[in-house]
Amino acid sequence: VQLVESGGGLVQAGGSLRLSCAASGRTFSSYAMGWFRQTPGKEREFVAVISRSGISTDYTDSVKGRFTISRDNAKNTLYLQMNSLKPEDTARYYCAANDLFVTSATHYDYWGQGTQVTVAS
């Protein structure tokens, strides 16, 4: 599966962004999907995961209540709605596909190229 992220940009603290991840190739609905983020010099960090059907989700503690992961299997698209953004959310955000509902980046087989999110204070 090929993944392409979009929707990143520069936003003021407290603002919102919606990231999208367009998938092509193998059937999108056969994958659990995750969002990860990375800043220079740091390891890739888990942000959110959603099951194949979209029924189950999980989030890292720092984004709970602010970020929402969702998917539209008819449109082969994954989303991350980010509200109440903070400067510490600044990172390059990646979507990833995997057969399992897991939070470890090492288990994900397919990755997009990422989209930059910058939150100004």
> So which pairs with a foot in residues 30-82 pass disulfide bond (SG atoms under 2.5 Å apart), sequence neighbours left out?
Replying inline: none
>> For residues 70-100, which residue pairs pass the disulfide bond (SG atoms under 2.5 Å apart) check, not counting sequence neighbours?
In response: Cys21-Cys95
>> I'd like to know if the side chain of Ser29 pairs up with that of Thr27 as donor and acceptor (distance under 3.5 Å, no hydrogens or angles considered).
In response: no
> Would a hydrophobic clustering, with Ile, Leu, Val, Met, Phe, Trp and Tyr connected at side-chain separations under 4.5 Å, put Tyr59 with Val102?
Replying inline: no
> Are Leu19 and Leu78 connected in a single hydrophobic cluster, I mean Ile/Leu/Val/Met/Phe/Trp/Tyr linked by side-chain heavy atoms less than 4.5 Å apart?
Replying inline: yes
Roughly how far apart are [X] [atom1] and [Y] [atom2], rounded to 0.5 Å?
{"X": "Ser62", "Y": "Asp89", "atom1": "OG", "atom2": "CG", "result": "7.0 Å"}
{"X": "Phe28", "Y": "Thr77", "atom1": "CZ", "atom2": "OG1", "result": "6.5 Å"}
{"X": "Ile69", "Y": "Ser51", "atom1": "CD1", "atom2": "OG", "result": "9.5 Å"}

Residue pair [X] / [Y]: nearest heavy atoms and the distance that separates them:
{"X": "Val11", "Y": "Gly15", "answer": "CG2-CA, 3.9 Å"}
{"X": "Ala91", "Y": "Thr39", "answer": "CB-CG2, 3.7 Å"}
{"X": "Thr115", "Y": "Gly7", "answer": "OG1-N, 4.2 Å"}
{"X": "Ala48", "Y": "Leu80", "answer": "CB-CD1, 4.4 Å"}

With sequence neighbours left out, which residue pairs that include part of [range] fulfil the salt bridge (Lys or Arg N to Asp or Glu O under 4.0 Å) condition?
{"range": "residues 46-63", "result": "Asp61-Lys64"}
{"range": "residues 73-86", "result": "none"}
{"range": "residues 91-118", "result": "Arg26-Asp99"}

Expected list for residues 40-47: side-chain donor-acceptor pairs under 3.5 angstrom, two or more places apart:
| unit_1 | atom_1 | unit_2 | atom_2 | d |
| --- | --- | --- | --- | --- |
| Arg44 | NE | Gln38 | OE1 | 3.2 |
| Arg44 | NH2 | Gln38 | OE1 | 3.2 |
| Glu45 | OE1 | Arg37 | NE | 2.8 |

Can you sort out the partners of [X] under side chain to side chain contact (heavy atoms under 4.5 Å, CB included), two or more places apart, ordered by chain and number?
{"X": "Ser84", "result": "Arg66"}
{"X": "Thr118", "result": "Leu10, Thr90, Gln116"}
{"X": "Asn83", "result": "Ser16, Gln81"}
{"X": "Val1", "result": "Leu3, Ala23, Tyr31, Ala97, Tyr110"}

> Where the side chain of Gln113 meets the backbone of Val4, is there a donor-acceptor pair that is under 3.5 Å apart?
Replying inline: no
> ring-ring contact (aromatic ring centres under 6.0 Å, His included): which pairs involve residues 60-109, sequence neighbours left out?
Replying inline: Phe36-Tyr108
> Looking at residues at least two apart in the chain, or sitting in another chain, which of them share a side-chain hydrogen bond (donor to acceptor under 3.5 Å, both in side chains) with Ser121?
Replying inline: none
>> When you compare the side chain of Met82 with that of Val117, does any pair of heavy atoms fall below 4.5 Å?
In response: yes
